[in-house]
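What you see is a predicted model, and the numbers here were worked out from it, not measured in a lab. We name chains A, B, ... by the order of the sequence lines, and we start the count at 1 in each one.
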Amino acid sequence: MATLYRTLSRRSCCHASASLTRTYYSSPLHQYNKYISNLIRSCRLREARALFDTMKHRNAVTWNSMISGYVHRREIVKARQLFDEMPQRDIVSWNLIVSGYFSCRGSRFIEEGRKLFELMPERDCVSWNTVISGYAKNGRMDQALKLFNAMPERNVVSFNAVITGFLLNGDVDLAVGFFKTMPEHDSASLSALISGLVRNGELDMAAGILHEFGSDDDSKDNLVHAYNTLIAGYGQRGRVEEARRLFDEIPDDRGGGEKDQRRFRRNVVSWNSMMMSYVKAGDIVSARELFDRMVERDTCSWNTLISGYVQISNMDEASKLFREMPCPDVLSWNSIVSGFAQNGNLNLAKYFFEKMPHKNLISWNTMIAGYEKNEDYKGAARLFSQMQLEGEKPDKHTLSSVISVCTGLVDLYLGKQIHQLVTKIVLPDSPINNSLITMYSRCGAIVDACTVFNERKLYKDVITWNAMIGGYASHGLAAEALQLFKLMKKLKIHPTYITFISVLNACAHAGLVEEGRIQFKSMVTDYGIEPRIEHFASLVDILGRQGQLKEAMDLINTMPFKPDKAVWGALLSACRVHNNVELAIVAADALIKLEPESSAPYVLLYNMYANLRQWEDAEHVRVLMEEKNVKKQAGYSWVD
DNA sequence: GTAGGGTTAG
C-alpha cells in the first residue's frame, strides 16, 4: 500500500497542488468530514456534533458541514454560534449563514441575513442568488428584483429564483413573461415554472408550456423533471387520464440497453408519480399493475402503494407490503400507524408506533390524531405530554388534534394551556382558532369562546361564526345567538346548514316557535339550503318543548327522512315534560328499535309512569329492561 | 460544505 502510494505520488509530483489535494483526500480529516456529512444527511445531527466536538483538527469544510446541518434544521442560533466561533471563514461559511437566516420565518431573521450579506468580505454568484431566493420565498419580490438587477453577473439560477418567487405570490403571468425573456433556460427553469403553475392550479397552461418549450434540445437532458411535476399535478387533482397520457409520452426506461442518464426517459419518479395518480383516484388495481411492472423501485414506490392500500382500508395488503419492502423509512411506518389508527385498530397502531426506529413530528401527530379519532381522549392527552417530554415541538396539526381532545375531555385546564401554545405557533387567521371557540363553549367557558371570536377581527370565516352561534345556542343564550346571526347576515356572510342547526337550536331553547318556523322557511327560500334531518329534529324539539306534540308528531310523519335518534329523542323528552304517555311510548319504542342496548328510553318511560303513579306499568318497564339485559349507565354531564 | 426544479406519511 505504501509503495503504491509512493508510486502514485511520484507520478504527479510535478503538480504540487494535486498532490496536496490527494494528501487531504487520503487524510483522516477528510474521512471525518465525510463521516460528519453522512451523519447530517441521515438526520443524526447530535451525533455529528458530538464527533465535531471531539475533533482536534478541523478545516473550513468541517465547520461548514456542521453549520449546514443546523441551517437545514432551522436551528439558526446554533448555526450562528459556530459561525462566530469559526477561526477562518470562507465564502461558503458566509453563504451558509445568510441562507440560514433567510430560511427562518420572520422579518427579524431576514434583516439579519441581509445585514450579513452586506458585511460579506466578498460575494459570489451563490451569495447573490441566496439572498434573491430568500426574499422571493418570503414574498418580498420588490427586494428580490432590486438585487437581481443590481447583481454583477446573473446566471440561470438567479432567473429561476425570481420565477419561483412570482409563482409563490400567485403572479402567474409575470412568471411566464419573465421565463420567456430569459436568455436561455435549462431544465430546472422549465421545472420551476411548471411546478409553480401546477401549484397555482394552472394545469392547462403548464401543459401548453411544457409542450412548447419542452422540445428544446438543451433541456432534453432532464426534461423528465418537468413531466413528473405535471403528472403529479394532474394526479393530485384527479385528472388521471391526462396524467397517463403524459406518462406515455415519456420514452420507456425498461428493456435493458446501456444507461444514458442524459437521455429523456422515464425514471423512478415518473413511475411513482403515475402510481400516486392512480392511488389518488382510488384505482388501486392500476397502481398495483404499474408497481409490478417497474424495474427499479425505491422506498417511495413502496410507500405510495402502501398508502394506496391504507386509503382503501386494506390493511392486510398494506402490512404485507410493509413486511416485504427492503428498507422501510419513517414514512412507511407512519402510513402503517395511520392505517391502523384510522381503521379503528388502535392497539395495532400503538404497537407499530412503539416499535418505530425513528419517530418524527408526523409520527406523533398521526398517533395523537388516531387516539382522538377513536375517542380515546385520555390516551391522546397522555401521548401529547410524552411527546413534549421527548422534546418534540407540536405544530398546528398537533394542536388541532389536541384541541379536539380538550373538547372531548371537557378539560378547560388543558384547553387553556393549548390556547397559549396556539397563540405562539399559528397566525390569527388559522382555522385552528375556530376549534378553540368550540372547545371553550363545550367546556362551559362561553366568555373565553367570545374572546377568541372577537380576537379574530379580520379573519372571521363562516366556520368562525357557526362556532360562536353554536356556542351561544348550546348555552341557552338564544338572544345572543340570534343577534349574532343577524349581524352575520348583515355582513353578507352566507350561512350554511350548520348555522341553521344552531339557530334552530337557539329557538328551541328560548321557546320561540314562530321564530323557528320563520328561520326554517328562510333557510330554504332565501338561502336555497336543502333541509337535513338535523333541522327537522330541531323543529320537532321546538314544537315539542311548547307542548305542540301533535304538530311535532305530524312533522315526523310527513318529513322526507326516516326519523333518527335525535328526532325521537326530542319527541320523547317533550312527552316527558308535558306528560304525554301515549306518544312517549311511540317515541321510546322507536328509540329502542334504533338502539336496543340504550337504557335511556326505558328509564324515561319508567320515570313517567312513576310520576303518574302508574306503578304496574312502571314495574312492567323495569322487568322488560331486565329481560333485554339493558344496564342503566352512569349519567354524565357535558359540562365539567 | 453554499443558490433554483420532481414522487410518498399526519
Measure the distance from [atom1] on [X] to [atom2] on [N] and round it to the nearest whole Å.
X	N	atom1	atom2	value
A:W128	B:dA3	CH2	P	18 Å
A:Y227	B:dG6	OH	C1'	14 Å
A:L321	B:dA9	CG	P	15 Å
A:I97	B:dT2	CD1	P	14 Å
A:D329	B:dT7	CG	P	16 Å
A:M151	B:dG4	CE	P	13 Å
A:M182	B:dG5	CE	P	13 Å
A:M276	B:dT7	CE	P	7 Å

*Which nucleotide in the list B:dG4, B:dT8, B:dA3 gets nearest to the side chain of A:T130?*
B:dA3

*Among B:dA9, B:dA3, B:dG5, which nucleotide sits nearest the side chain of A:I362?*
B:dA9

Could you check whether the side chain of [X] and the base of [N] have a donor-acceptor pair of N or O atoms closer than 3.5 Å, going by distance alone?
X	N	result
A:D186	B:dG5	no
A:D124	B:dA3	no
A:S187	B:dG5	yes

*Would you tell me whether A:Y101 and A:R114 have side-chain atoms, one donor and one acceptor, within less than 3.5 Å of each other?*
no

If you compare every side-chain N and O of [X] against the phosphate oxygens of [N] (OP1, OP2), does one of them come in below 4.0 Å?
X	N	answer
A:K137	B:dG4	yes
A:S195	B:dG6	yes
A:Q311	B:dT8	no

*Go through the steps for A:K146 and A:D142 under the test salt bridge (charged side-chain N to carboxylate O under 4.0 Å, His left out), then give the verdict.*
CA-CA 6 Å; A:K146 218 165 144 185; A:D142 51 333; over 6 Å; no

*Flag this pair as yes if the NZ/CZ of A:K359 is under 6.0 angstrom from the six-membered ring centre of A:F353 and inside a 45 degree cone about the axis; otherwise no.*
yes

So what does [X] touch, heavy atoms closer than 4.0 Å: a base, only the sugar-phosphate, or nothing?
X	result
A:V337	nothing
A:A188	base
A:S99	nothing
A:N33	nothing
A:S273	sugar-phosphate

*Only counting residues at least two apart or in another chain, list the ones meeting side-chain contact (heavy atoms from CB on, under 4.5 Å) with A:R323.*
A:S319, A:K320

*Partners of A:N374 by side-chain hydrogen bond (donor to acceptor under 3.5 Å, both in side chains), sequence neighbours excluded?*
none

*Report the C-alpha separation of A:E112 and A:R80 in whole Å, then their side-chain angles, then the decisive distance to 0.1 Å, and conclude whether the salt bridge (charged side-chain N to carboxylate O under 4.0 Å, His left out) test is met.*
CA-CA 11 Å; A:E112 185 64 21; A:R80 180 60 185 266; 2.9 Å; yes

